[in-house]
Peer 1: 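Okay, handing you the structure first.
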Amino acid sequence: MRRKPIVKSLLYVLSASAVISAGHIYVSHADDLDNGVNNTATAATVNTNTTNSSINNVLGSQLTADNFISTISPIAQSIANSNNLYASTMVAQAALESGYGTSYLTQIANNLFGIKSFDGTGVKLKTSEYNSKGQAYSTYAYFKSYNSIMDSLQGYATFLTVNSRYANVFKSQAKDGFEAATNIQKDGYATDPSYASKLINIINTYKLTTLDGNTASTNTNTSTPTTPTTNSSSDTKNTNNTKTTTIKSKKTLATATYTYGNPLETFQLSSKFANYNLYTHVKDTTAKNVTGNWPGHLKAGSNVYVDCLAVRTYKGASTTWYRIKTSKNAKSYWVSAKAIDFPTIHIREYNGKAKLSHANRGLYSNVFNSQTLAKSLGSSNSYKNQTFNVNQIATYTYHGKENTWYRINISNIGDVWVNKTGVTYTKAEKKVTKKKVTKKKAKKVAKKKTTNKASVYSKASGHAYLNNYGKFALYNHIPGTSKHIQKTAWPQVKVPKDYKVGVNLKGIRTEYNTTWYRIVLNHKNYWISAKSLLFY
């Protein structure tokens, strides 16, 4: 079969009108390229003896359609193993998204997956976006620039980790790389209806399952693989014996919902940590669960890294589990929450101002090192020297040091937490002094209170993604703003497969200073707490 010239492939990539955005790929610029069926490299030809120094220094400019698979496979395998992902799916996506390393973005910025940058740094390129009506339009966006291909692959792994809608792509949920490829399309990673089948085709062509340690090498179905039927010799009457073999019914598995945090969060082991087992998956969520051993040097109070929380439901009872690493480069395991000590966090309402004067400070969904984990929502780079309203202050002691965090409201993100070290000026909370009030004045004050607006509204447009939405209710009005509040249960609405919803109005409930958004779901308007939405 004739090989397409690399130059032709590169020109095709450069002419593509759509570039991938982080979280929602619109049209893959590599979709119609030669999928590499003529390339000779396979996963089986990967040199597993590649040194760490050579892996760290691989650049996009060194990649060609011929050496792509053999070059990135050992790097992807190492990173996938450290992040509980399938290397086969990771390599297949990298090949598809980058045109086997020949895309312009890969060549100049080591960016294999077209992941965007939201702090104004990186490479500025023309891209296609979609508005709330599904109409495409052209705009310019910044894309991340990485120091090496290894950093790009790690960036992709981190992106999946911090976005909870991709929980079923990890080994703890998907049984193999084929199922992970199917799930990532279902989760809304790409709009191409044949995206999963293209990934599976690449996995089969290059026998990429060998990177996962699997013996199976092919799969021709983009749907979840079915369980093989039991051999007839074990579930039917034995022709040489009148005795019938009884098949044991399969054990009912537990279910789990996952919330991802920041991979740099650390917590201390409890005094009874050794009483709890380590598992490769949340207990009872899969039939193939392997236990691990606690390293001998660990003791009560030792630090472990935690990057994911799971609420496990089994036989009607719910328990909390965490995915941990005993060191940055150690293997990930799941353990009961009882094995970990969490700092006690004190939160109080606050009404003041905060000025962000330090760049590169993290913005998080929760207080860092909290039991609910803190998902990264960006950095303070874009907001330096801007002043924001503070609505809560959190304090806790960790390793003998007191930590203080402010919850501020940023219009295009919502409520986020920032460490006090990123704030140089705060307006002190006003103390309320009691004053004697005459009956006449009391009536006047009461009348004034009843006429205050319950909510303040502002225009909003675009879209957001549902995140842990089951914890929050849908309303016809913001609670407390109307006598005719109606609640809609989630089973009564159809949730989009990609969890994407339109946003057309924003409201601040003044009594509690909470943020709400009016979303469009099934062509109807509903109000929901801002905590249930993610904005990119």
Peer 1: Who are the side chain to side chain donor-acceptor pair (under 3.5 Å) partners of Y156, not counting sequence neighbours?
Peer 2: Q93

Peer 1: Assess whether side-chain contact (heavy atoms from CB on, under 4.5 Å) is satisfied between L160 and I184, documenting all intermediate values.
Peer 2: CA-CA 10 Å; L160 295 184; I184 203 164; 4.2 Å; yes

Peer 1: Indicate yes or no: at least one non-hydrogen side-chain atom of I324 is less than 4.5 angstrom from one of I340.
Peer 2: yes

Peer 1: For a 4.5 angstrom cut-off between non-hydrogen side-chain atoms, does N385 reach L356?
Peer 2: no

Peer 1: Apply side-chain contact (heavy atoms from CB on, under 4.5 Å) to residues Y465 and L533 and explain how you reach the verdict.
Peer 2: CA-CA 5 Å; Y465 290 85; L533 301 174; over 6 Å; no

Peer 1: Tell me if a side-chain donor or acceptor on N504 pairs with a main-chain N or O of V520 at a distance below 3.5 Å.
Peer 2: no

Peer 1: Below 4.5 Å, heavy atoms only, C-beta onward: do T395 and N403 meet side chain to side chain?
Peer 2: no

Peer 1: Do any N or O atoms from the side chain of Q185 and from the backbone of P193 form a donor-acceptor pair under 3.5 angstrom?
Peer 2: yes

Peer 1: If you compare all heavy atoms of V282 against all heavy atoms of N289, which two are closest, and at what distance to 0.1 Å?
Peer 2: O-ND2, 3.5 Å

Peer 1: What's the separation between atom CD1 in I345 and atom OG1 in T397, rounded to the nearest 0.5 Å?
Peer 2: 10.5 Å

Peer 1: Do F113 and Y189 touch side chain to side chain, with heavy atoms closer than 4.5 Å?
Peer 2: yes

Peer 1: Provide the closest heavy-atom pair for L373 versus S365 in the form atom of the first, atom of the second, distance.
Peer 2: O-OG, 4.3 Å

Peer 1: If we ignore angles and hydrogens, is there a donor and acceptor under 3.5 Å between the side chains of N389 and K353?
Peer 2: yes

Peer 1: Just checking, K171 and Y86: is the charged tip under 6.0 Å from the six-membered ring centre and within 45° of the axis?
Peer 2: yes

Peer 1: Please check this pair: side chain of S336 against backbone of A339, looking for a donor-acceptor N/O pair closer than 3.5 Å.
Peer 2: no

Peer 1: State, yes or no, whether a side-chain contact exists between I519 and N525 at a heavy-atom distance under 4.5 Å.
Peer 2: no

Peer 1: For A254, what residues pass the side chain to side chain contact (heavy atoms under 4.5 Å, CB included) criterion, not counting sequence neighbours?
Peer 2: D284, T285, R312, Y314

Peer 1: So, for A92 and I202, which heavy atoms are closest and what is the spacing to 0.1 Å?
Peer 2: O-CD1, 3.7 Å

Peer 1: Rounded to the nearest 0.5 Å, what's the gap from CH2 on W516 to OH on Y475? Could you check?
Peer 2: 5.5 Å

Peer 1: Treating K325 as the side-chain partner and S82 as the backbone partner, does any N or O pair qualify as donor plus acceptor under 3.5 Å?
Peer 2: yes

Peer 1: With a 4.5 Å cut-off on side-chain heavy atoms, are T259 and N467 touching?
Peer 2: no

Peer 1: With distance as the sole criterion, is a donor-acceptor pair present between the side chains of S332 and N84 under 3.5 Å?
Peer 2: no

Peer 1: Does the N419 side chain pair with the main chain of T421, one donor and one acceptor, at a distance under 3.5 Å?
Peer 2: yes

Peer 1: Calculate, to the nearest 0.5 Å, the distance between atoms CD and OG1 belonging to Q154 and T161 respectively.
Peer 2: 8.0 Å

Peer 1: Measure the spacing between OG1 of T514 and CD of Q392 and express it to the nearest 0.5 Å.
Peer 2: 10.0 Å

Peer 1: Does the cation-pi check pass for R323 over F170, that is, NZ or CZ under 6.0 Å from the six-membered ring centre and within 45° of its axis?
Peer 2: yes

Peer 1: By side chain to side chain contact (heavy atoms under 4.5 Å, CB included), which residues pair with A76, not counting sequence neighbours?
Peer 2: M90, V91, L153

Peer 1: Dump the intermediate steps for ring pair (Phe, Tyr, Trp, His ring centres under 6.0 Å) on Y322 and F342, then the final yes or no.
Peer 2: CA-CA 12 Å; Y322 288 91; F342 297 93; 5.0 Å; yes

Peer 1: Check ring-ring contact (aromatic ring centres under 6.0 Å, His included) between W417 and all other residues, then give those that pass, not counting sequence neighbours.
Peer 2: none

Peer 1: Between S88 and G177, which heavy-atom pair has the shortest distance, and what is it?
Peer 2: OG-CA, 3.5 Å

Peer 1: Is a donor on one side and an acceptor on the other found under 3.5 Å between the side chain of Q268 and the backbone of N303?
Peer 2: no

Peer 1: Which residues pass the side chain to side chain contact (heavy atoms under 4.5 Å, CB included) test with K506, sequence neighbours left out?
Peer 2: N409, S411, S458, A460, I508, T515, Y517

Peer 1: N110 side chain to Y146 main-chain N or O, any donor-acceptor pair under 3.5 Å?
Peer 2: yes

Peer 1: Identify the heavy atoms of S152 and L112 that sit nearest to each other, and give their distance.
Peer 2: OG-N, 3.0 Å

Peer 1: Side chain of T121, backbone of S117: donor and acceptor closer than 3.5 Å?
Peer 2: no

Peer 1: Between P479 and R509, is there a side-chain heavy-atom distance shorter than 4.5 Å?
Peer 2: yes

Peer 1: Who passes side chain to side chain contact (heavy atoms under 4.5 Å, CB included) against V311, sequence neighbours left out?
Peer 2: T257, L309, S318

Peer 1: Only counting residues at least two apart or in another chain, list the ones meeting side chain to side chain donor-acceptor pair (under 3.5 Å) with N391.
Peer 2: R407, D415

Peer 1: Got a sec, which residues hit side chain to side chain donor-acceptor pair (under 3.5 Å) with W405, two or more places apart in sequence or on another chain?
Peer 2: none

Peer 1: Under the ring-ring contact (aromatic ring centres under 6.0 Å, His included) rule, collect the residues that match up with Y258, sequence neighbours excluded.
Peer 2: W334

Peer 1: Could you measure the distance from the CG atom of N476 to the NZ atom of K487? Nearest 0.5 Å is fine.
Peer 2: 11.5 Å

Peer 1: Walk me through whether I408 and V416 qualify under side-chain contact (heavy atoms from CB on, under 4.5 Å).
Peer 2: CA-CA 6 Å; I408 63 175; V416 299; 3.6 Å; yes

Peer 1: Checking the side chain of Q492 only, and the main-chain atoms of A489 only, is there a donor and an acceptor separated by less than 3.5 Å?
Peer 2: yes

Peer 1: I need the S455 OG to I478 CD1 distance, nearest 0.5 Å.
Peer 2: 4.0 Å

Peer 1: Mind running side chain to side chain donor-acceptor pair (under 3.5 Å) on D341 and S270 for me, showing each step along the way?
Peer 2: CA-CA 5 Å; D341 274 340; S270 70; 4.9 Å; no

Peer 1: Under a 4.5 Å cut-off applied to non-hydrogen side-chain atoms, are V123 and Y142 in contact?
Peer 2: no

Peer 1: List the residues meeting salt bridge (charged side-chain N to carboxylate O under 4.0 Å, His left out) with R518, not counting sequence neighbours, and say none if there are none.
Peer 2: none

Peer 1: With sequence neighbours left out, what residues match S370 under side chain to side chain donor-acceptor pair (under 3.5 Å)?
Peer 2: T372

Peer 1: Under the 3.5 angstrom rule, does the side chain of N111 hit a backbone N or O of I115 as a donor-acceptor pair?
Peer 2: yes

Peer 1: Mind running ring pair (Phe, Tyr, Trp, His ring centres under 6.0 Å) on Y406 and F388 for me, showing each step along the way?
Peer 2: CA-CA 10 Å; Y406 294 100; F388 299 95; over 10 Å; no

Peer 1: Output all residues satisfying ring-ring contact (aromatic ring centres under 6.0 Å, His included) with Y457, sequence neighbours left out; order by chain, then residue number.
Peer 2: W527

Peer 1: Of the non-hydrogen atoms in K375 and L534, which two are nearest, and what is the gap between them?
Peer 2: NZ-CD1, 3.9 Å

